[in-house]
Amino acid sequence: MSKEITSRSTDYAQWYNDLILKGGLADYSAVRGCMVIKPYGFALWENMRDALDRMFKDTGHVNAYFPLFVPKSLFEAEEKNAEGFAKECAVVTHYRLKNDPSRKGALMVDPEAKLEEELVVRPTSEAIIWNTYKGWIQSYRDLPILINQWANVVRWEMRTRLFLRTAEFLWQEGHTAHATREEALEETKKMLDVYADFAENWMALPVIKGVKTESERFAGAVETYCIEAMMQDGKALQAGTSHFLGQNFARAFDVKFSDKDNKLEYVWATSWGVSTRLIGALVMAHSDDDGLVLPPRIAPWQVVIVPIYKGEEQKAKIDVKAKELANELRAAGVRVKYDDNDNARPGWKFAEYEMKGVPVRIAIGARDLENNTVELARRDTREKVSISADGLTERIVLLLEQIQQSIYNKALAFRDAHITKVNSWEEFKQVLNDKGGFISAFWDGTPETEAAIKEETKATIRCIPLDNVQEAGKCVYSGKPATQRVLFAQAY
RNA sequence: CGGGAGGUAGUUCAGCCCGGUAGAAUACGUGGUUUGGGACCACGGGGUCGCAGGUUCGAAUCCUGUCCUCCCGACCA
(Lines give C-alpha, C1' and ligand atoms only; values in the text may rest on other atoms or scores of the structure.)
Protein backbone atom coordinates (compact mmCIF):
# COMPACT_ATOMS: atom_id res chain seq x y z
CA MET A 1 0.00 0.00 0.00
CA SER A 2 1.98 2.94 -1.20
CA LYS A 3 -0.84 5.34 -1.84
CA GLU A 4 -3.28 5.68 1.01
CA ILE A 5 -6.22 7.98 0.47
CA THR A 6 -7.64 9.87 3.41
CA SER A 7 -11.31 8.97 3.76
CA ARG A 8 -14.02 11.57 3.23
CA SER A 9 -15.26 11.21 6.75
CA THR A 10 -11.80 11.66 8.26
CA ASP A 11 -10.90 14.85 6.45
CA TYR A 12 -12.83 15.91 3.39
CA ALA A 13 -10.30 18.54 2.28
CA GLN A 14 -7.44 16.09 2.60
CA TRP A 15 -9.41 13.44 0.72
CA TYR A 16 -9.87 15.90 -2.11
CA ASN A 17 -6.18 16.77 -2.24
CA ASP A 18 -5.20 13.10 -2.08
CA LEU A 19 -7.36 12.30 -5.07
CA ILE A 20 -5.92 15.08 -7.17
CA LEU A 21 -2.32 14.32 -6.25
CA LYS A 22 -2.41 10.53 -6.08
CA GLY A 23 -4.81 10.21 -8.98
CA GLY A 24 -2.21 11.99 -11.06
CA LEU A 25 -4.35 14.96 -12.10
CA ALA A 26 -2.12 17.74 -10.80
CA ASP A 27 0.81 18.64 -8.64
CA TYR A 28 1.84 21.58 -6.54
CA SER A 29 4.44 23.82 -8.09
CA ALA A 30 7.13 26.14 -6.85
CA VAL A 31 4.85 29.05 -7.64
CA ARG A 32 2.50 30.19 -4.91
CA GLY A 33 -1.07 29.22 -5.69
CA CYS A 34 -0.20 27.78 -9.08
CA MET A 35 -0.44 24.12 -9.94
CA VAL A 36 1.00 21.86 -12.57
CA ILE A 37 -1.66 20.01 -14.50
CA LYS A 38 -0.21 16.58 -15.14
CA PRO A 39 -0.78 14.61 -18.35
CA TYR A 40 -3.69 12.59 -16.94
CA GLY A 41 -5.41 15.70 -15.65
CA PHE A 42 -4.74 17.54 -18.85
CA ALA A 43 -6.15 14.67 -20.92
CA LEU A 44 -9.32 15.01 -18.87
CA TRP A 45 -9.37 18.76 -19.50
CA GLU A 46 -8.77 18.20 -23.22
CA ASN A 47 -11.80 15.94 -23.41
CA MET A 48 -13.91 18.52 -21.62
CA ARG A 49 -12.52 21.32 -23.73
CA ASP A 50 -13.11 19.46 -26.98
CA ALA A 51 -16.71 18.68 -26.12
CA LEU A 52 -17.39 22.27 -25.12
CA ASP A 53 -15.61 23.61 -28.16
CA ARG A 54 -17.84 21.56 -30.44
CA MET A 55 -20.90 22.84 -28.62
CA PHE A 56 -19.74 26.44 -28.99
CA LYS A 57 -19.14 25.96 -32.69
CA ASP A 58 -22.48 24.24 -33.12
CA THR A 59 -24.08 27.37 -31.69
CA GLY A 60 -22.33 29.61 -34.17
CA HIS A 61 -19.24 30.71 -32.27
CA VAL A 62 -15.66 30.99 -33.48
CA ASN A 63 -12.39 30.98 -31.57
CA ALA A 64 -9.88 33.80 -31.43
CA TYR A 65 -7.10 34.89 -29.12
CA PHE A 66 -6.50 38.15 -27.31
CA PRO A 67 -3.43 39.33 -25.36
CA LEU A 68 -2.52 38.19 -21.88
CA PHE A 69 -1.73 41.77 -20.87
CA VAL A 70 -4.17 44.61 -20.50
CA PRO A 71 -2.87 48.19 -20.26
CA LYS A 72 -4.02 49.63 -16.96
CA SER A 73 -5.88 52.50 -18.65
CA LEU A 74 -8.00 50.02 -20.59
CA PHE A 75 -8.54 47.85 -17.58
CA GLU A 76 -9.97 50.69 -15.53
CA ALA A 77 -12.35 51.88 -18.24
CA GLU A 78 -15.33 49.87 -17.03
CA GLU A 79 -15.33 51.03 -13.44
CA LYS A 80 -17.32 48.31 -11.74
CA ASN A 81 -15.45 45.57 -13.52
CA ALA A 82 -12.10 47.13 -12.64
CA GLU A 83 -13.09 47.66 -9.05
CA GLY A 84 -14.33 44.11 -8.71
CA PHE A 85 -11.04 42.63 -9.83
CA ALA A 86 -8.59 45.28 -8.63
CA LYS A 87 -7.64 43.47 -5.44
CA GLU A 88 -6.54 40.32 -7.19
CA CYS A 89 -4.55 41.56 -10.17
CA ALA A 90 -0.97 40.70 -11.00
CA VAL A 91 0.69 43.73 -12.55
CA VAL A 92 3.72 43.97 -14.81
CA THR A 93 5.77 47.06 -14.08
CA HIS A 94 9.15 46.33 -15.71
CA TYR A 95 10.40 44.63 -18.82
CA ARG A 96 14.01 43.80 -18.06
CA LEU A 97 16.33 42.18 -15.52
CA LYS A 98 20.02 42.80 -15.07
CA ASN A 99 22.92 41.37 -13.08
CA ASP A 100 22.77 42.31 -9.44
CA PRO A 101 26.12 43.97 -8.61
CA SER A 102 25.76 43.13 -4.92
CA ARG A 103 25.07 39.41 -5.35
CA LYS A 104 27.12 37.28 -7.69
CA GLY A 105 25.10 35.32 -10.20
CA ALA A 106 21.84 36.93 -9.12
CA LEU A 107 19.47 39.04 -11.17
CA MET A 108 17.55 42.13 -10.21
CA VAL A 109 14.79 44.15 -11.81
CA ASP A 110 16.39 46.85 -13.90
CA PRO A 111 15.05 50.13 -12.50
CA GLU A 112 15.83 51.75 -15.87
CA ALA A 113 13.30 49.44 -17.51
CA LYS A 114 10.14 50.66 -15.87
CA LEU A 115 7.10 50.56 -18.11
CA GLU A 116 5.45 53.88 -18.84
CA GLU A 117 2.12 52.22 -18.30
CA GLU A 118 1.67 49.15 -16.14
CA LEU A 119 0.22 46.03 -17.70
CA VAL A 120 -2.43 44.08 -15.87
CA VAL A 121 -2.28 40.34 -16.33
CA ARG A 122 -5.84 39.58 -17.39
CA PRO A 123 -8.14 38.31 -14.67
CA THR A 124 -10.78 38.30 -17.43
CA SER A 125 -10.66 39.79 -20.91
CA GLU A 126 -13.65 42.08 -21.32
CA ALA A 127 -11.48 45.19 -21.37
CA ILE A 128 -8.99 44.21 -24.04
CA ILE A 129 -11.70 42.55 -26.11
CA TRP A 130 -14.12 45.47 -26.04
CA ASN A 131 -11.31 47.82 -26.85
CA THR A 132 -10.69 45.64 -29.89
CA TYR A 133 -14.36 45.33 -30.82
CA LYS A 134 -14.55 49.10 -31.02
CA GLY A 135 -12.49 48.92 -34.18
CA TRP A 136 -14.50 46.06 -35.62
CA ILE A 137 -18.02 47.40 -35.24
CA GLN A 138 -19.53 50.27 -37.22
CA SER A 139 -22.80 48.94 -38.52
CA TYR A 140 -25.53 46.51 -37.55
CA ARG A 141 -24.12 44.50 -40.44
CA ASP A 142 -21.01 43.84 -38.33
CA LEU A 143 -23.13 42.20 -35.67
CA PRO A 144 -23.37 39.85 -33.98
CA ILE A 145 -19.82 39.01 -33.05
CA LEU A 146 -19.72 35.56 -31.49
CA ILE A 147 -16.19 34.91 -30.28
CA ASN A 148 -14.77 32.51 -27.75
CA GLN A 149 -11.22 32.23 -26.52
CA TRP A 150 -9.42 29.43 -24.72
CA ALA A 151 -6.93 31.05 -22.41
CA ASN A 152 -5.28 31.30 -19.07
CA VAL A 153 -6.14 34.03 -16.60
CA VAL A 154 -4.61 35.13 -13.32
CA ARG A 155 -6.46 36.05 -10.16
CA TRP A 156 -4.25 36.62 -7.14
CA GLU A 157 -6.45 34.89 -4.62
CA MET A 158 -5.54 34.98 -0.93
CA ARG A 159 -6.14 31.31 -0.52
CA THR A 160 -5.93 28.69 -3.20
CA ARG A 161 -7.04 25.09 -3.64
CA LEU A 162 -6.10 22.69 -6.40
CA PHE A 163 -8.43 23.21 -9.37
CA LEU A 164 -11.09 24.98 -7.28
CA ARG A 165 -9.21 28.23 -6.92
CA THR A 166 -5.72 28.67 -8.29
CA ALA A 167 -3.87 31.89 -9.01
CA GLU A 168 -3.58 30.96 -12.65
CA PHE A 169 -6.21 28.83 -14.30
CA LEU A 170 -7.32 27.70 -17.73
CA TRP A 171 -10.74 28.56 -19.01
CA GLN A 172 -12.75 29.67 -21.96
CA GLU A 173 -14.42 33.02 -22.15
CA GLY A 174 -17.04 33.86 -24.71
CA HIS A 175 -17.49 37.53 -25.59
CA THR A 176 -20.35 38.41 -27.85
CA ALA A 177 -21.67 41.67 -29.28
CA HIS A 178 -25.24 42.18 -30.40
CA ALA A 179 -27.50 44.80 -31.95
CA THR A 180 -30.35 44.36 -29.53
CA ARG A 181 -30.96 43.74 -25.90
CA GLU A 182 -33.21 40.80 -26.69
CA GLU A 183 -30.61 39.10 -28.82
CA ALA A 184 -27.92 39.52 -26.14
CA LEU A 185 -30.24 38.18 -23.46
CA GLU A 186 -31.09 35.25 -25.64
CA GLU A 187 -27.39 34.56 -26.14
CA THR A 188 -26.77 34.73 -22.38
CA LYS A 189 -29.44 32.13 -21.75
CA LYS A 190 -28.45 29.99 -24.69
CA MET A 191 -24.92 29.64 -23.35
CA LEU A 192 -26.20 28.89 -19.89
CA ASP A 193 -28.13 26.04 -21.49
CA VAL A 194 -24.98 24.86 -23.24
CA TYR A 195 -23.17 24.78 -19.90
CA ALA A 196 -25.98 22.90 -18.20
CA ASP A 197 -26.12 20.46 -21.09
CA PHE A 198 -22.39 19.90 -20.86
CA ALA A 199 -22.36 19.52 -17.09
CA GLU A 200 -25.21 17.03 -17.08
CA ASN A 201 -24.55 15.02 -20.21
CA TRP A 202 -20.77 14.96 -20.27
CA MET A 203 -19.71 15.43 -16.66
CA ALA A 204 -22.73 13.59 -15.24
CA LEU A 205 -23.09 16.56 -12.95
CA PRO A 206 -26.62 17.72 -12.22
CA VAL A 207 -26.86 21.49 -12.01
CA ILE A 208 -29.41 24.09 -11.13
CA LYS A 209 -29.79 26.96 -13.54
CA GLY A 210 -30.45 30.28 -11.94
CA VAL A 211 -29.80 33.97 -11.64
CA LYS A 212 -27.39 35.54 -9.18
CA THR A 213 -28.49 38.19 -6.74
CA GLU A 214 -27.00 41.65 -7.07
CA SER A 215 -24.29 41.02 -4.52
CA GLU A 216 -23.10 37.85 -6.23
CA ARG A 217 -23.26 39.34 -9.70
CA PHE A 218 -20.21 39.59 -11.99
CA ALA A 219 -18.59 43.00 -11.71
CA GLY A 220 -19.84 44.97 -14.69
CA ALA A 221 -22.77 42.73 -15.54
CA VAL A 222 -26.44 43.65 -15.60
CA GLU A 223 -27.43 40.08 -14.86
CA THR A 224 -25.41 36.97 -14.06
CA TYR A 225 -26.83 33.56 -14.84
CA CYS A 226 -25.17 30.50 -13.36
CA ILE A 227 -25.22 26.78 -12.96
CA GLU A 228 -24.80 25.54 -9.41
CA ALA A 229 -23.75 22.04 -8.42
CA MET A 230 -23.78 20.15 -5.12
CA MET A 231 -20.69 18.47 -3.74
CA GLN A 232 -20.61 15.40 -1.50
CA ASP A 233 -19.83 17.44 1.61
CA GLY A 234 -22.99 19.46 1.17
CA LYS A 235 -21.29 22.57 -0.16
CA ALA A 236 -22.34 24.20 -3.39
CA LEU A 237 -20.04 24.98 -6.25
CA GLN A 238 -20.59 27.51 -9.00
CA ALA A 239 -19.84 25.53 -12.12
CA GLY A 240 -20.28 28.16 -14.79
CA THR A 241 -21.56 31.66 -15.41
CA SER A 242 -23.12 33.50 -18.29
CA HIS A 243 -23.38 37.27 -18.03
CA PHE A 244 -25.72 39.72 -19.68
CA LEU A 245 -23.52 42.82 -19.76
CA GLY A 246 -26.11 45.21 -21.17
CA GLN A 247 -24.40 48.22 -22.73
CA ASN A 248 -21.93 48.69 -19.88
CA PHE A 249 -18.83 47.74 -21.80
CA ALA A 250 -19.99 49.40 -25.01
CA ARG A 251 -20.35 52.64 -23.07
CA ALA A 252 -17.02 52.22 -21.32
CA PHE A 253 -15.21 51.58 -24.59
CA ASP A 254 -17.45 53.69 -26.77
CA VAL A 255 -18.58 50.92 -29.07
CA LYS A 256 -21.49 52.19 -31.18
CA PHE A 257 -23.09 50.98 -34.36
CA SER A 258 -25.49 52.42 -36.91
CA ASP A 259 -28.79 50.59 -36.98
CA LYS A 260 -31.00 50.19 -40.05
CA ASP A 261 -32.45 53.64 -39.51
CA ASN A 262 -28.94 55.11 -39.34
CA LYS A 263 -29.28 55.81 -35.64
CA LEU A 264 -26.21 55.37 -33.45
CA GLU A 265 -26.66 52.82 -30.67
CA TYR A 266 -24.42 51.24 -28.08
CA VAL A 267 -23.72 47.55 -28.65
CA TRP A 268 -25.19 44.92 -26.32
CA ALA A 269 -22.84 42.40 -24.81
CA THR A 270 -22.54 39.03 -23.12
CA SER A 271 -19.70 37.07 -21.66
CA TRP A 272 -19.62 33.52 -20.36
CA GLY A 273 -17.03 31.17 -19.00
CA VAL A 274 -16.16 27.87 -17.44
CA SER A 275 -12.77 26.87 -16.13
CA THR A 276 -10.57 24.03 -14.94
CA ARG A 277 -12.55 24.45 -11.74
CA LEU A 278 -14.99 22.05 -13.35
CA ILE A 279 -12.42 19.33 -12.75
CA GLY A 280 -12.65 20.06 -9.04
CA ALA A 281 -16.42 19.79 -9.28
CA LEU A 282 -16.11 16.50 -11.08
CA VAL A 283 -13.81 15.07 -8.44
CA MET A 284 -15.95 16.15 -5.51
CA ALA A 285 -19.23 15.10 -7.04
CA HIS A 286 -18.46 11.52 -8.02
CA SER A 287 -15.36 10.14 -6.37
CA ASP A 288 -15.15 7.84 -3.35
CA ASP A 289 -12.67 6.71 -0.72
CA ASP A 290 -10.89 4.45 -3.21
CA GLY A 291 -10.13 7.22 -5.65
CA LEU A 292 -11.52 9.09 -8.60
CA VAL A 293 -14.70 8.08 -10.36
CA LEU A 294 -14.76 9.58 -13.84
CA PRO A 295 -17.75 9.68 -16.18
CA PRO A 296 -16.97 7.60 -19.29
CA ARG A 297 -17.69 10.39 -21.76
CA ILE A 298 -14.77 12.48 -20.58
CA ALA A 299 -12.51 9.89 -18.95
CA PRO A 300 -9.02 9.86 -20.55
CA TRP A 301 -9.20 6.08 -20.64
CA GLN A 302 -12.63 4.49 -20.67
CA VAL A 303 -11.35 0.95 -20.45
CA VAL A 304 -8.14 -0.51 -19.12
CA ILE A 305 -7.10 -4.05 -19.98
CA VAL A 306 -4.91 -5.85 -17.47
CA PRO A 307 -3.27 -9.13 -18.47
CA ILE A 308 -2.72 -11.79 -15.83
CA TYR A 309 -0.12 -14.39 -16.63
CA LYS A 310 2.50 -16.76 -15.40
CA GLY A 311 5.59 -16.77 -17.54
CA GLU A 312 6.46 -15.42 -20.95
CA GLU A 313 4.61 -18.06 -22.86
CA GLN A 314 1.30 -17.29 -21.25
CA LYS A 315 1.90 -13.59 -21.57
CA ALA A 316 2.43 -13.95 -25.32
CA LYS A 317 -0.90 -15.74 -25.72
CA ILE A 318 -2.80 -13.27 -23.59
CA ASP A 319 -1.10 -10.43 -25.43
CA VAL A 320 -2.61 -11.55 -28.71
CA LYS A 321 -6.09 -11.76 -27.26
CA ALA A 322 -5.82 -8.49 -25.37
CA LYS A 323 -4.49 -6.51 -28.31
CA GLU A 324 -7.20 -7.92 -30.52
CA LEU A 325 -9.80 -6.77 -28.03
CA ALA A 326 -8.15 -3.38 -27.61
CA ASN A 327 -8.17 -2.83 -31.37
CA GLU A 328 -11.79 -3.86 -31.63
CA LEU A 329 -12.73 -1.44 -28.88
CA ARG A 330 -10.74 1.37 -30.45
CA ALA A 331 -12.46 0.74 -33.75
CA ALA A 332 -15.74 1.20 -31.90
CA GLY A 333 -14.49 4.57 -30.63
CA VAL A 334 -13.60 3.47 -27.12
CA ARG A 335 -10.51 4.96 -25.45
CA VAL A 336 -8.53 1.94 -24.28
CA LYS A 337 -5.32 1.45 -22.39
CA TYR A 338 -3.69 -1.95 -22.51
CA ASP A 339 -1.34 -2.12 -19.55
CA ASP A 340 1.14 -4.89 -20.26
CA ASN A 341 3.82 -3.32 -18.11
CA ASP A 342 5.64 -6.27 -16.59
CA ASN A 343 6.99 -4.34 -13.62
CA ALA A 344 3.67 -4.01 -11.84
CA ARG A 345 1.58 -6.95 -10.78
CA PRO A 346 -2.14 -7.17 -11.44
CA GLY A 347 -3.22 -6.26 -7.92
CA TRP A 348 -1.16 -3.09 -8.07
CA LYS A 349 -2.69 -2.18 -11.42
CA PHE A 350 -6.21 -2.79 -10.17
CA ALA A 351 -5.68 -0.39 -7.29
CA GLU A 352 -3.94 2.14 -9.51
CA TYR A 353 -6.69 2.34 -12.12
CA GLU A 354 -9.34 2.49 -9.44
CA MET A 355 -7.46 5.43 -8.01
CA LYS A 356 -7.44 7.03 -11.43
CA GLY A 357 -11.15 6.42 -11.91
CA VAL A 358 -11.03 4.42 -15.14
CA PRO A 359 -14.69 3.43 -15.64
CA VAL A 360 -14.19 -0.14 -16.85
CA ARG A 361 -11.48 -2.68 -16.22
CA ILE A 362 -11.02 -5.88 -18.14
CA ALA A 363 -8.75 -8.58 -16.77
CA ILE A 364 -7.66 -11.45 -18.99
CA GLY A 365 -5.83 -14.46 -17.60
CA ALA A 366 -5.07 -18.03 -18.53
CA ARG A 367 -8.42 -19.18 -17.16
CA ASP A 368 -10.15 -16.73 -19.41
CA LEU A 369 -8.31 -17.96 -22.47
CA GLU A 370 -9.47 -21.48 -21.75
CA ASN A 371 -13.06 -20.49 -21.09
CA ASN A 372 -13.28 -17.68 -23.65
CA THR A 373 -14.18 -15.21 -20.92
CA VAL A 374 -12.89 -12.01 -19.39
CA GLU A 375 -13.31 -10.43 -16.00
CA LEU A 376 -15.23 -7.19 -16.27
CA ALA A 377 -15.18 -4.68 -13.42
CA ARG A 378 -16.88 -1.30 -13.24
CA ARG A 379 -15.39 1.45 -11.15
CA ASP A 380 -18.54 3.23 -10.04
CA THR A 381 -20.30 0.29 -8.38
CA ARG A 382 -17.24 -1.94 -7.89
CA GLU A 383 -19.18 -4.80 -9.50
CA LYS A 384 -17.05 -7.55 -10.96
CA VAL A 385 -18.28 -10.28 -13.27
CA SER A 386 -16.80 -13.00 -15.41
CA ILE A 387 -18.43 -12.91 -18.83
CA SER A 388 -18.07 -14.40 -22.27
CA ALA A 389 -15.56 -12.75 -24.54
CA ASP A 390 -18.02 -12.94 -27.43
CA GLY A 391 -19.74 -9.70 -28.32
CA LEU A 392 -17.69 -7.91 -25.72
CA THR A 393 -17.22 -4.70 -27.67
CA GLU A 394 -20.94 -4.06 -28.06
CA ARG A 395 -21.44 -4.91 -24.44
CA ILE A 396 -18.80 -2.47 -23.30
CA VAL A 397 -20.05 0.36 -25.48
CA LEU A 398 -23.42 -0.15 -23.86
CA LEU A 399 -21.93 -0.50 -20.40
CA LEU A 400 -20.09 2.81 -20.74
CA GLU A 401 -23.39 4.53 -21.48
CA GLN A 402 -24.98 2.80 -18.50
CA ILE A 403 -22.17 3.91 -16.22
CA GLN A 404 -22.47 7.47 -17.49
CA GLN A 405 -26.17 7.41 -16.67
CA SER A 406 -25.69 5.66 -13.38
CA ILE A 407 -23.13 8.17 -12.14
CA TYR A 408 -25.46 10.98 -13.11
CA ASN A 409 -28.42 9.37 -11.37
CA LYS A 410 -26.43 8.88 -8.21
CA ALA A 411 -25.29 12.49 -8.17
CA LEU A 412 -28.81 13.64 -8.96
CA ALA A 413 -30.31 11.60 -6.14
CA PHE A 414 -27.73 13.02 -3.76
CA ARG A 415 -28.36 16.56 -4.96
CA ASP A 416 -32.13 16.22 -4.70
CA ALA A 417 -31.82 14.72 -1.25
CA HIS A 418 -29.84 17.79 -0.32
CA ILE A 419 -32.36 20.42 -1.25
CA THR A 420 -34.31 21.18 1.87
CA LYS A 421 -37.27 23.52 2.14
CA VAL A 422 -37.24 25.40 5.40
CA ASN A 423 -39.74 27.85 6.81
CA SER A 424 -38.12 29.18 9.95
CA TRP A 425 -34.79 30.70 10.84
CA GLU A 426 -34.17 28.04 13.48
CA GLU A 427 -34.77 25.33 10.92
CA PHE A 428 -32.51 27.13 8.47
CA LYS A 429 -29.57 27.11 10.83
CA GLN A 430 -30.20 23.57 11.94
CA VAL A 431 -30.39 22.14 8.44
CA LEU A 432 -27.33 24.07 7.36
CA ASN A 433 -25.42 22.79 10.32
CA ASP A 434 -26.58 19.17 10.41
CA LYS A 435 -27.10 18.37 6.78
CA GLY A 436 -25.77 21.10 4.54
CA GLY A 437 -26.80 21.20 0.93
CA PHE A 438 -29.12 23.67 -0.71
CA ILE A 439 -31.68 25.32 1.49
CA SER A 440 -34.77 26.54 -0.24
CA ALA A 441 -36.22 29.44 1.69
CA PHE A 442 -38.21 32.61 1.24
CA TRP A 443 -36.15 35.75 0.95
CA ASP A 444 -37.38 39.30 1.13
CA GLY A 445 -35.23 40.33 -1.82
CA THR A 446 -33.00 42.79 0.02
CA PRO A 447 -29.18 42.79 0.00
CA GLU A 448 -29.29 43.60 3.73
CA THR A 449 -31.01 40.34 4.60
CA GLU A 450 -28.70 38.44 2.30
CA ALA A 451 -25.65 39.97 3.98
CA ALA A 452 -26.98 39.31 7.46
CA ILE A 453 -27.59 35.67 6.66
CA LYS A 454 -24.10 35.36 5.22
CA GLU A 455 -22.64 37.00 8.30
CA GLU A 456 -24.40 34.60 10.65
CA THR A 457 -24.11 31.34 8.74
CA LYS A 458 -21.60 31.77 5.90
CA ALA A 459 -24.39 30.65 3.59
CA THR A 460 -24.96 32.73 0.49
CA ILE A 461 -27.73 32.83 -2.04
CA ARG A 462 -26.40 30.54 -4.72
CA CYS A 463 -29.10 31.46 -7.15
CA ILE A 464 -32.70 32.21 -7.84
CA PRO A 465 -33.65 29.16 -9.88
CA LEU A 466 -34.93 29.95 -13.37
CA ASP A 467 -37.92 27.66 -13.02
CA ASN A 468 -38.93 29.16 -9.70
CA VAL A 469 -42.60 29.30 -8.82
CA GLN A 470 -43.85 32.66 -7.65
CA GLU A 471 -45.69 32.34 -4.37
CA ALA A 472 -46.35 34.54 -1.38
CA GLY A 473 -44.39 33.82 1.76
CA LYS A 474 -42.46 35.33 4.63
CA CYS A 475 -38.73 35.87 4.54
CA VAL A 476 -37.03 33.20 6.61
CA TYR A 477 -34.79 35.80 8.24
CA SER A 478 -36.64 39.11 8.37
CA GLY A 479 -40.21 37.87 8.31
CA LYS A 480 -41.02 40.45 5.65
CA PRO A 481 -43.19 39.50 2.67
CA ALA A 482 -41.44 37.46 -0.01
CA THR A 483 -42.50 36.38 -3.47
CA GLN A 484 -40.37 33.30 -3.95
CA ARG A 485 -37.95 30.83 -2.46
CA VAL A 486 -34.26 31.06 -3.32
CA LEU A 487 -31.41 28.59 -2.82
CA PHE A 488 -28.95 29.17 -0.02
CA ALA A 489 -25.82 27.16 0.63
CA GLN A 490 -22.29 27.35 1.87
CA ALA A 491 -20.14 27.38 -1.22
CA TYR A 492 -16.68 26.78 -2.55
C1' C B 1 -3.57 39.50 6.27
C1' G B 2 -4.51 36.47 11.23
C1' G B 3 -3.92 31.27 13.34
C1' G B 4 -1.55 26.41 12.76
C1' A B 5 1.92 22.92 10.43
C1' G B 6 6.10 22.27 7.62
C1' G B 7 10.80 22.58 4.14
C1' U B 8 16.30 16.43 5.42
C1' A B 9 17.15 10.80 -0.81
C1' G B 10 12.19 10.81 -6.40
C1' U B 11 8.14 10.35 -2.35
C1' U B 12 6.48 9.93 2.90
C1' C B 13 9.03 10.81 7.13
C1' A B 14 12.66 9.93 11.56
C1' G B 15 16.97 12.46 13.50
C1' C B 16 16.89 18.45 16.10
C1' C B 17 15.03 19.23 22.71
C1' C B 18 20.65 17.15 24.67
C1' G B 19 25.93 19.93 18.38
C1' G B 20 30.42 15.18 16.68
C1' U B 21 29.93 15.11 9.95
C1' A B 22 22.77 11.62 7.85
C1' G B 23 18.90 7.16 8.49
C1' A B 24 14.17 4.17 7.59
C1' A B 25 10.19 2.85 4.56
C1' U B 26 8.88 3.22 -0.24
C1' A B 27 10.39 4.30 -5.12
C1' C B 28 14.63 3.50 -8.52
C1' G B 29 18.84 0.04 -11.00
C1' U B 30 20.78 -5.17 -11.67
C1' G B 31 19.97 -10.49 -11.03
C1' G B 32 16.61 -14.25 -9.60
C1' U B 33 11.91 -16.25 -7.96
C1' U B 34 6.92 -14.39 -8.88
C1' U B 35 2.09 -12.58 -11.25
C1' G B 36 -6.53 -13.97 -10.54
C1' G B 37 -6.49 -7.61 -5.46
C1' G B 38 -1.11 -2.94 -3.94
C1' A B 39 4.89 -9.79 -4.31
C1' C B 40 9.68 -11.54 -2.25
C1' C B 41 15.13 -12.29 -1.80
C1' A B 42 20.11 -10.48 -2.72
C1' C B 43 23.18 -6.64 -4.18
C1' G B 44 23.48 -1.48 -5.67
C1' G B 45 23.02 3.94 -6.87
C1' G B 46 20.96 8.32 -4.80
C1' G B 47 20.69 13.86 -0.05
C1' U B 48 25.78 20.99 -0.56
C1' C B 49 19.52 18.72 5.45
C1' G B 50 14.98 25.58 1.70
C1' C B 51 18.40 29.94 1.44
C1' A B 52 21.80 33.63 3.81
C1' G B 53 24.41 35.11 7.89
C1' G B 54 26.14 34.15 12.99
C1' U B 55 27.97 31.18 17.47
C1' U B 56 31.47 26.97 17.76
C1' C B 57 37.38 23.23 16.98
C1' G B 58 32.89 21.26 14.75
C1' A B 59 25.93 22.94 12.87
C1' A B 60 20.55 19.13 9.83
C1' U B 61 20.72 20.14 15.25
C1' C B 62 21.79 26.41 18.72
C1' C B 63 20.88 31.96 17.34
C1' U B 64 19.28 35.84 13.71
C1' G B 65 17.26 36.97 9.21
C1' U B 66 14.88 35.53 4.82
C1' C B 67 12.22 32.74 1.03
C1' C B 68 8.72 29.12 -0.03
C1' U B 69 4.70 25.43 0.53
C1' C B 70 0.35 23.25 2.82
C1' C B 71 -4.03 23.44 6.20
C1' C B 72 -7.89 26.56 8.92
C1' G B 73 -9.95 31.49 8.80
C1' A B 74 -10.73 36.46 6.48
C1' C B 75 -11.23 37.35 0.98
C1' C B 76 -13.19 35.01 -3.49
C1' A B 77 -16.40 37.40 -10.82
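Numbered from 1 within each chain, the chains take letters A, B, ... in sequence-line order.
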- request: Send over the distance from Met35(A) CE to C70(B) P, rounded to a whole Å.
  value: 12 Å
query: Looking across every strand, which nucleic acid part, if any, lies under 4.0 Å from Glu375(A) by heavy atom: base, sugar-phosphate, or nothing?
result: base
- request: Go through G37(B), A74(B), C76(B) for me and flag the one nearest to the Met158(A) side chain.
  value: A74(B)
field: Polar pair under 3.5 Å, donor/acceptor by atom type, side chain Arg361(A), base G37(B)
entry: yes
query: Is a donor-acceptor contact shorter than 3.5 angstrom present between the side chain of Lys384(A) and the base of G37(B)?
result: yes
Below 4.0 Å: OP1/OP2 of G36(B) and any side-chain N or O of Arg367(A): no
Donor-acceptor pair under 3.5 Å, Glu354(A) side chain vs G38(B) base: no
message: If you count every heavy atom of other residues, nucleotides or ligands that lies below 6.0 Å from Lys80(A) atom NZ, does the total exceed 12?
response: no
message: Side chains of Glu173(A) and Ser125(A): any donor to acceptor distance under 3.5 Å?
response: yes
- prompt: Counting only side-chain N and O atoms of Arg345(A), is one of them less than 4.0 Å from OP1 or OP2 of G36(B)?
  reply: yes
- prompt: Across the strands shown, which category fits Gly365(A) at heavy-atom distances under 4.0 angstrom: base, sugar-phosphate, nothing?
  reply: base
task: Quickly work out the Lys22(A) NZ to U26(B) C1' distance and round it to whole Å.
output: 12 Å
task: Would you indicate what Tyr225(A) reaches in the nucleic acid, counting non-hydrogen atoms under 4.0 angstrom: base, sugar-phosphate, or nothing?
output: nothing
- prompt: For Gln314(A), which contact category applies under a 4.0 Å heavy-atom criterion: base, sugar-phosphate, or nothing?
  reply: nothing
query: Heavy atoms under 4.0 Å, any strand shown: does Thr373(A) hit a base, just sugar-phosphate, or nothing?
result: nothing
task: For G31(B) and A22(B), measure between their C1' atoms and round to the nearest Å.
output: 29 Å
Same-atom distance (C1') from U30(B) to C63(B), integer angstrom: 47 Å
message: Can you identify which nucleotide, out of U35(B), G37(B), G38(B), has its nearest atom closest to the Glu352(A) side chain?
response: G38(B)
message: Any base atoms under 4.0 Å from Tyr28(A), or only sugar-phosphate, or nothing? Heavy atoms, all strands.
response: sugar-phosphate
statement: Sorted by position of nearest nucleotide on RNA chain B, 5' first, the leading residue of Ala363(A) and Ala13(A) is Ala363(A)
query: Taking atom C1' in both C70(B) and G65(B), what distance in whole Å separates the two?
result: 23 Å
- request: Can you tell me, in whole Å, how much space there is between the C1' of A9(B) and that of G47(B)?
  value: 5 Å
message: If I pick the C1' atom on G23(B) and the same atom on G36(B), what distance separates them, to the nearest angstrom?
response: 38 Å
message: So Asn17(A), base contact, sugar-phosphate only, or nothing? Heavy-atom distance under 4.0 Å.
response: sugar-phosphate
Separation of the C1' atoms in G58(B) and U21(B), to the nearest angstrom: 8 Å
- prompt: Do the ring centers of Tyr40(A) and Trp301(A) come within less than 6.0 Å of each other?
  reply: yes
